[in-house]
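To keep things clear, I will list the structure first and then write my remarks on it.
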Amino acid sequence: MLINHDTRCALDAVVALVNTTPEGEGPDDLADVATLRRFVAQHAISDVGTLEERDLVAVRAVRARFAEVFAAADSRRAAELLNAMVAAAGTTPRLTDHDGYDWHVHYFAPGASLAEHLAADGGMALAFLVVAGERERLRRCEAPDCGHAFVDLSRNRSRRYCDSRTCGNRLHVAAYRARRREAAAG
């Protein structure tokens, strides 16, 4: 699956945003405006003005809608969610070539809030997956104690864990040790 740089950045931001959701009793990784600013900086989100508490509230609402897309039972439901999100963001596609990148499309309107920016660009990136018949690439980690969101961009759609070096490796090592214990006991 061919994904351009801008779409990949938008998908990465969506996944990172969804993964800021508190798990169980855990803390919210978007606890305050300062953590929201760090999120914007980490993901090099452009055209963001001064961030305030209302931006934090709005971004958390967008995060919840993105999580619904990952949980959608089928492509029709994902499309309904994405259509509503992108329409509410006031999408205005425009060509741009900022920050040393070649021409690409931004979907957020000039002067859009951070939440509208994320909903428009991230919503369109997810929409491209639905249009391409690739919605099943939107996954949750299969590690029992994780559940983080990720986009499986592997060629054969076989990725099962959010990060093979942590979740995947930990489960493989545990399975190996269990087999060794079983062999030693047998």
Side-chain angles (χ1 to χ4, degrees), residues 1-23 28-30 36 39-48 55-96 98 101-110 112-142 146-163 167:
M1 171 168 209
L2 183 63
I3 296 178
N4 69 25
H5 174 267
D6 216 42
T7 301
R8 178 62 190 258
C9 289
L11 288 172
D12 289 346
V14 166
V15 166
L17 181 62
V18 170
N19 289 336
T20 64
T21 305
E23 296 289 328
D28 190 330
D29 288 343
L30 280 182
L36 182 59
F39 179 87
V40 167
Q42 283 175 328
H43 296 283
I45 299 171
S46 61
D47 295 332
V48 176
D55 294 299
L56 179 62
V57 171
V59 168
R60 284 179 177 161
V62 167
R63 173 181 70 182
R65 284 182 273 165
F66 282 141
E68 287 181 63
V69 173
F70 272 81
D74 55 33
S75 292
R76 181 164 307 282
R77 179 64 182 145
E80 290 169 358
L81 293 164
L82 290 168
N83 283 338
M85 184 184 320
V86 169
T91 306
T92 305
R94 62 190 167 94
L95 289 169
T96 183
H98 65 89
Y101 293 107
D102 285 335
W103 290 103
H104 58 281
V105 179
H106 280 187
Y107 295 95
F108 59 93
S113 70
L114 174 60
E116 292 166 334
H117 178 142
L118 290 167
D121 273 3
M124 289 304 298
L126 293 171
F128 293 141
L129 291 176
V130 172
V131 167
E134 302 285 354
R135 189 193 62 80
E136 73 275 0
R137 290 181 182 272
L138 303 179
R139 300 208 174 138
R140 292 290 186 159
C141 184
E142 291 183 19
C146 184
H148 276 133
F150 67 94
V151 178
D152 179 4
L153 296 176
S154 67
R155 187 172 273 179
N156 63 359
R157 297 173 191 88
S158 62
R159 192 168 153 199
R160 297 174 47 208
Y161 306 109
C162 63
D163 186 342
C167 290

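When reading the values below, keep in mind they use all heavy atoms of this one structure, side chains included, and skip hydrogens, waters and symmetry mates. In this text, all values refer to a predicted model and were calculated from it rather than measured experimentally.
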If every non-hydrogen atom of [X] is compared with every non-hydrogen atom of [Y], which pair is closest and at what distance?
{"X": "Val105", "Y": "Pro93", "answer": "CG1-CB, 4.1 Å"}
{"X": "Thr92", "Y": "Ala109", "answer": "OG1-CB, 3.4 Å"}
{"X": "Val14", "Y": "Gly122", "answer": "CG2-CA, 3.5 Å"}
{"X": "Leu81", "Y": "Ala72", "answer": "CD1-CB, 4.4 Å"}
{"X": "Phe66", "Y": "Met85", "answer": "CE2-SD, 3.3 Å"}
{"X": "Val69", "Y": "Ala78", "answer": "CG1-CB, 4.3 Å"}

Backbone of [Y] reached by a side-chain donor or acceptor of [X] within 3.5 Å:
{"X": "Arg137", "Y": "Asp152", "result": "yes"}
{"X": "Asn19", "Y": "Val15", "result": "yes"}
{"X": "Ser46", "Y": "Ala44", "result": "no"}
{"X": "Arg159", "Y": "Cys162", "result": "yes"}
{"X": "Asp28", "Y": "Pro22", "result": "no"}

At what distance, to the nearest 0.5 angstrom, does [atom1] of [X] lie from [atom2] of [Y]?
{"X": "His117", "Y": "Asp55", "atom1": "NE2", "atom2": "CG", "value": "12.5 Å"}
{"X": "Asp74", "Y": "Arg135", "atom1": "CG", "atom2": "CZ", "value": "6.5 Å"}
{"X": "Thr7", "Y": "His104", "atom1": "OG1", "atom2": "NE2", "value": "9.5 Å"}
{"X": "Leu126", "Y": "Glu134", "atom1": "CG", "atom2": "CD", "value": "13.0 Å"}
{"X": "Asp6", "Y": "Arg8", "atom1": "CG", "atom2": "CZ", "value": "13.0 Å"}
{"X": "Cys9", "Y": "Ile3", "atom1": "SG", "atom2": "CD1", "value": "11.0 Å"}

Taking the side chain as everything from C-beta on, heavy atoms only, tell me whether [X] gets closer than 4.5 Å to [Y].
{"X": "Phe128", "Y": "Leu11", "answer": "no"}
{"X": "Val151", "Y": "Leu138", "answer": "yes"}
{"X": "Leu17", "Y": "His43", "answer": "no"}
{"X": "Phe39", "Y": "Leu30", "answer": "yes"}
{"X": "Ile45", "Y": "Leu118", "answer": "yes"}

### Query
Is any NZ, NE, NH1 or NH2 atom of the basic residue among Glu68 and Arg65 found under 4.0 Å from an Asp or Glu carboxylate oxygen of the other?
no
Lys/Arg cation over aromatic Phe108: Arg94, 6.0 Å, 45° cone: yes
With Phe150 as partner, the option from Arg140, Arg139, Arg160 fulfilling side chain to side chain contact (heavy atoms under 4.5 Å, CB included) is Arg139
CA sep, side-chain torsions, deciding dist, call: His148, Cys167, side chain to side chain contact (heavy atoms under 4.5 Å, CB included): CA-CA 10 Å; His148 276 133; Cys167 290; 5.9 Å; no
> Within a radius of less than 6.0 Å around CZ of Arg157, do more than 12 heavy atoms belonging to other residues, nucleotides or ligands occur?
Replying inline: yes
task: Would you sort out whether Asp29 and Arg63 count as a salt bridge (Lys or Arg N to Asp or Glu O under 4.0 Å), showing the intermediate values?
output: CA-CA 12 Å; Asp29 288 343; Arg63 173 181 70 182; over 6 Å; no
